[in-house]
Protein chains: 2
Amino acid sequence: MTDLASTTMNAKKAGRISKALADPNRLVILKEIKKRNDCLYCVEITDIIDLAQPSICHHLKQLTDSEIIVGEKEGRNVKYKLNNEVMDEYIAFLQSLKTE
Amino acid sequence: MTDLASTTMNAKKAGRISKALADPNRLVILKEIKKRNDCLYCVEITDIIDLAQPSICHHLKQLTDSEIIVGEKEGRNVKYKLNNEVMDEYIAFLQSLKTE
DNA sequence: TCGAACAATTTAAATATTTCAATAAATAAG
DNA sequence: CTTATTTATTGAAATATTTAAATTGTTCGA
């Protein structure tokens with residue numbers, strides 16, 4: 001094991017993150033998390049995105065499965081936060097694709 | 001027009017790039033471009049990826065449409081290069097999603 | 001010009017994703 | 001315990017993507 005980064009971010013994980021980011025609604029969710037300073041409840045997203053609750057749930061699952069966001073249970077609610085570490089790893093992966 | 005960055009990288013463009021990156025075969029293509037030092041011919045990809053020529057062509061189109069790579073015609077061949085500028089813009093977009 | 005080599009397009013199929021209605025699960029409040 | 005609130009799951013339809021065969025377009029070399 002020579003390259004530590006490769007253990008945290010492999011092509012499979014990068015692919016899953018890319019897929020998670022490959023939907024306009026999911027980008028809106030990420031922007032909203034930023035906007036609300038890492039404090040987004042599922043129920044609030046219904047007001048922002050014109051989708052049914054199960055659809056939003058599905059998109060949140062894509063994002064949490066890729067680990068780009070993390071959901072913290074708070075009673076009945078779930079609070080979503082961006083996983084800055086994973087985002088940094090993903091960015092590092094993209095940087096590694098650059099030539100110079 | 002107050003924010004210059006928004007003209008170069010908006011959500012729509014970021015979405016297209018995310019989609020372009022959201023396929024394992026396309027990530028392999030990008031890695032191979034890096035490996036060969038920005039000098040990849042379409043015909044070479046057939047040796048690396050087990051797909052028919054039109055499929056590879058399709059994937060290259062996704063990548064070039066998103067502008068993450070650029071194809072330069074060289075006689076009968078097309079030489080593909082990573083568009084470092086667009087990659088940097090995309091990375092900056094991802095950075096902007098981070099909270100701290 | 002003709003044929004070979006490389007890339008792009010068209011069309012259709014297989015596969016994957018997105019979406020929502022219905023339902024279930026979990027928890028808070030009364 | 002019962003009900004209301006919030007989130008998750010299931011199942012099915014609509015839509016999008018991926019793939020390859022067949023074809024077309026381009027360019028090089030003889």
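By convention in this document, chain letters (A, B, ...) are assigned in the order of the sequence lines, proteins followed by strands, and residues within each chain are numbered from 1. Quick note: numbers below take in every heavy atom, side chains included, and nothing from hydrogens, waters or symmetry partners.
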Inter-end axis angle, the helix from dT1(C)-dA30(D) to dG30(C)-dC1(D), with every axis fitted to five base pairs (rounded, 10 degrees): 30°
Selection residues 17-27 of chain B - residue pairs positive for side chain to side chain donor-acceptor pair (under 3.5 Å), sequence neighbours left out: Ser18(B)-Tyr90(B), Arg26(B)-His59(B)
Atom pair CG (Leu60(B)) and CD1 (Ile45(B)), whose distance is rounded to the nearest 0.5 Å: 4.5 Å
Nearest non-hydrogen partners of Met87(B) and Leu82(B), listed with the distance: CE-CD1, 4.5 Å
Where Ile29(A) and Leu63(A) come nearest, the two heavy atoms and their spacing: CG2-CD1, 3.9 Å
For DNA chain D, the residues among residues 18-27 of chain B that have a non-hydrogen atom under 4.0 Å from it: Lys19(B), Asp23(B), Asn25(B), Arg26(B)
Side-chain donor-acceptor pairs under 3.5 Å in residues 68-76 of chain B, sequence neighbours left out?
residue  : atom : partner  : partner atom : Å
Glu74(B) : OE1  : Tyr41(B) : OH           : 2.8
Glu74(B) : OE2  : Lys79(B) : NZ           : 3.3

Least distance between heavy atoms, Arg16(A) atom then Ser66(A) atom: O-CB, 3.8 Å
5' to 3' contact window, DNA chain C with chain A (heavy-atom distance under 4.0 Å): dT17(C) to dA28(C)
Between P of dA8(D) and NE2 of His59(A), the distance in whole Å: 14 Å
Nearest atoms (heavy-atom pairs only) where Asp88(B) meets Lys98(A): OD1-NZ, 2.5 Å
Partner residues of Ala52(B) under the side-chain contact (heavy atoms from CB on, under 4.5 Å) criterion, sequence neighbours left out: Pro54(B), Ser55(B)
Sugar-phosphate only, base, or nothing, as touched by His58(A) at under 4.0 Å among non-hydrogen atoms: base
Distance, nearest 0.5 Å, that separates CG of Leu21(A) from CG of Leu97(B): 8.0 Å
Residue list, side-chain contact (heavy atoms from CB on, under 4.5 Å) with Gln53(A), at least two apart or on another chain: Cys57(A)
Protein-nucleotide distance (Arg16(B), atom CZ; dT17(D), atom C1'), rounded to Å: 17 Å
5'-most by nearest nucleotide on DNA chain D - Asn77(A) or Ser55(A): Asn77(A)
Side chain to side chain contact (heavy atoms under 4.5 Å, CB included) between Glu44(A) and Glu32(A), worked out: CA-CA 10 Å; Glu44(A) 297 179 295; Glu32(A) 202 63 25; over 6 Å; no
Close approaches to DNA chain C from residues 62-75 of chain A, in residue order (heavy atom, under 4.0 Å): Lys73(A), Gly75(A)
Considering all heavy atoms, the nearest Ile48(B)-Val28(B) contact: CG2-CG1, 4.0 Å
Partner residues of Lys31(B) under the salt bridge (Lys or Arg N to Asp or Glu O under 4.0 Å) criterion, sequence neighbours left out: none
Residues which pass side chain to side chain donor-acceptor pair (under 3.5 Å) with Gln62(B), listed by chain and number, not counting sequence neighbours: His58(B)
Pairs touching residues 45-62 of chain B that satisfy salt bridge (charged side-chain N to carboxylate O under 4.0 Å, His left out), sequence neighbours left out: Lys61(B)-Asp65(B)
Contact residues, residues 46-53 of chain B to DNA chain C [heavy atom, < 4.0 Å]: Gln53(B)
